[in-house]
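Just so we're on the same page: letters track the sequence lines, and every chain starts at 1. All values reported here derive from a predicted model rather than from experimental measurement.
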Protein chains: 2
Amino acid sequence: MAKTDTLPPIAHPTRDEITIEGVLRALADPVRLAIVRQLAATGQEIACGGLTVPVTKSTLTHHLSILRHAGVVAGRQEGTTRFNSLRRKDLDALFPGLLAGVLAAPR
Amino acid sequence: MAKTDTLPPIAHPTRDEITIEGVLRALADPVRLAIVRQLAATGQEIACGGLTVPVTKSTLTHHLSILRHAGVVAGRQEGTTRFNSLRRKDLDALFPGLLAGVLAAPR
DNA sequence: GTCGTAGTTCGACAGTCACCGTACTACGTC
DNA sequence: GACGTAGTACGGTGACTGTCGAACTACGAC
């Protein structure tokens, strides 16, 4: 099983479960915004340890959990590493322009 | 006597003082989101009393203050009435697409 | 097995925030 | 003047949230 169907131990909301308010709440924090920016900048997956944030590991876990529950990021487990990615397609489909507007902000 | 003859001392941030984080924080509340939606729907100014929100007057004042400080809405005083409007031009210029994305959200 | 690494879970704590009621100011009308 | 209306300011309270350290699980390498 080299595909995706075997290991979804991480709960993600489906596209229609994503709410604008949840997304806005998730983005309305400097640490989480930094995470989203890094994910958007690379356009690739980033492991937790590869994210540059000024908080401890446990706090980072907390923030990633919020982002995941809001439907902003997706997590993929591989060994002990968790790869995080931006759910750009879903977000763009639900709220076209939102992500672009946020990322267009002058830092 | 020397009364306040110039009456628009309502503090609004200039365009370059508006931050994406402040805007997101302001929008990340159901009451404030409802206010923004109503302002966007009519495209016109709405007095405080003309807004439909499930909170008391004092709480509404609080929310409008946050929206104003974040640069999301502008307030214009006329007699005892305060007219609120969406700063759509500024927001679109700073964060193109953001407002559209938020308003595109289902409900 | 033992160790190190990646990340989560679990309290706990401090700061923020939404909410309210009351009191207050400012304006218009009688 | 007195009165009603539009909205703000103040003080308080309960709930939420971001933060941390320490303990924990899971995997890989030795």
Which donor-acceptor pairs under 3.5 Å do side chains of residues 47-56 of chain A form with protein atoms, sequence neighbours excluded?
{"from": "Thr56(A)", "atom 1": "OG1", "to": "Ser58(A)", "atom 2": "OG", "distance (Å)": "3.3"}
{"from": "Thr56(A)", "atom 1": "OG1", "to": "Thr59(A)", "atom 2": "OG1", "distance (Å)": "3.3"}

Tell me which residues in residues 56-66 of chain A lie within less than 4.0 Å of DNA chain C, going by non-hydrogen atoms.
Lys57(A), Ser58(A), Thr61(A)
Starting at atom CD of Glu21(A), determine the distance to atom C1' of dC16(D), rounded to an integer number of angstrom.
13 Å
Tell me, which pairs form a salt bridge (Lys or Arg N to Asp or Glu O under 4.0 Å) where one or both residues lie in residues 42-64 of chain B, sequence neighbours left out?
Glu45(B)-Arg76(B)
Send over the distance from Leu67(A) CG to dT8(C) P, rounded to a whole Å.
12 Å
For the pair made of CD in Gln77(A) and P in dA6(C), what is the distance, rounded to whole Å?
13 Å
Rounded interatomic separation in angstrom, taking CG from Asn84(B) and C1' from dT8(D):
13 Å
In this structure, how many angstroms lie between the C1' atom of dG15(C) and the CZ atom of Arg25(B), rounded?
12 Å
dT8(D) P sits how many Å from Arg68(B) CZ, rounded?
6 Å
If you check every side-chain atom of Thr80(B), which of dT8(C), dA26(C), dA6(C) has the closest atom?
dA26(C)
Any residue of residues 28-46 of chain A with a heavy atom less than 4.0 Å from an atom of DNA chain D
Asp29(A), Val31(A), Arg32(A)
Please report, rounded to the nearest Å, how far the P atom of dT8(D) is from the CZ atom of Arg76(B).
14 Å
For Thr42(A) versus Leu39(A), what's the shortest heavy-atom pair and its separation?
OG1-O, 3.5 Å
Minimum heavy-atom separation for Gly71(A) and Ile18(A), please, with both atom names.
O-CD1, 3.7 Å
Where is the tightest heavy-atom contact between Leu103(A) and Ala40(A), given as atom of each residue plus distance?
CD1-CB, 3.6 Å
Here the pair of heavy atoms bringing Phe95(A) nearest to Ala105(B) is CE2-CB, 3.6 Å
Review item, side-chain donor-acceptor pairs of residues 23-35 of chain A, under 3.5 Å, at least two apart:
{"from": "Arg25(A)", "atom 1": "NH1", "to": "Ala28(B)", "atom 2": "O", "distance (Å)": "2.4"}
{"from": "Asp29(A)", "atom 1": "OD1", "to": "Val31(A)", "atom 2": "N", "distance (Å)": "2.8"}
{"from": "Asp29(A)", "atom 1": "OD1", "to": "Arg32(A)", "atom 2": "N", "distance (Å)": "3.2"}
{"from": "Arg32(A)", "atom 1": "NE", "to": "Ala26(A)", "atom 2": "O", "distance (Å)": "2.7"}
{"from": "Arg32(A)", "atom 1": "NH1", "to": "His63(A)", "atom 2": "ND1", "distance (Å)": "3.0"}
{"from": "Arg32(A)", "atom 1": "NH2", "to": "Arg25(A)", "atom 2": "O", "distance (Å)": "3.2"}

Ignoring hydrogens, what is the shortest heavy-atom contact between Arg37(B) and Val102(B)? Give both atom names and the distance.
NH1-O, 3.9 Å
I need the full list of side chain to side chain donor-acceptor pair (under 3.5 Å) pairs touching residues 88-103 of chain B, with sequence neighbours left out, sorted by first then second residue.
Arg15(B)-Asp90(B), Arg87(B)-Asp90(B)
So, is Arg82(A) near the phosphate of dA6(C), with a side-chain N or O under 4.0 Å from OP1 or OP2?
no
Measure CZ/Phe83(A) against C1'/dA6(C) and give the value in whole Å, please.
11 Å
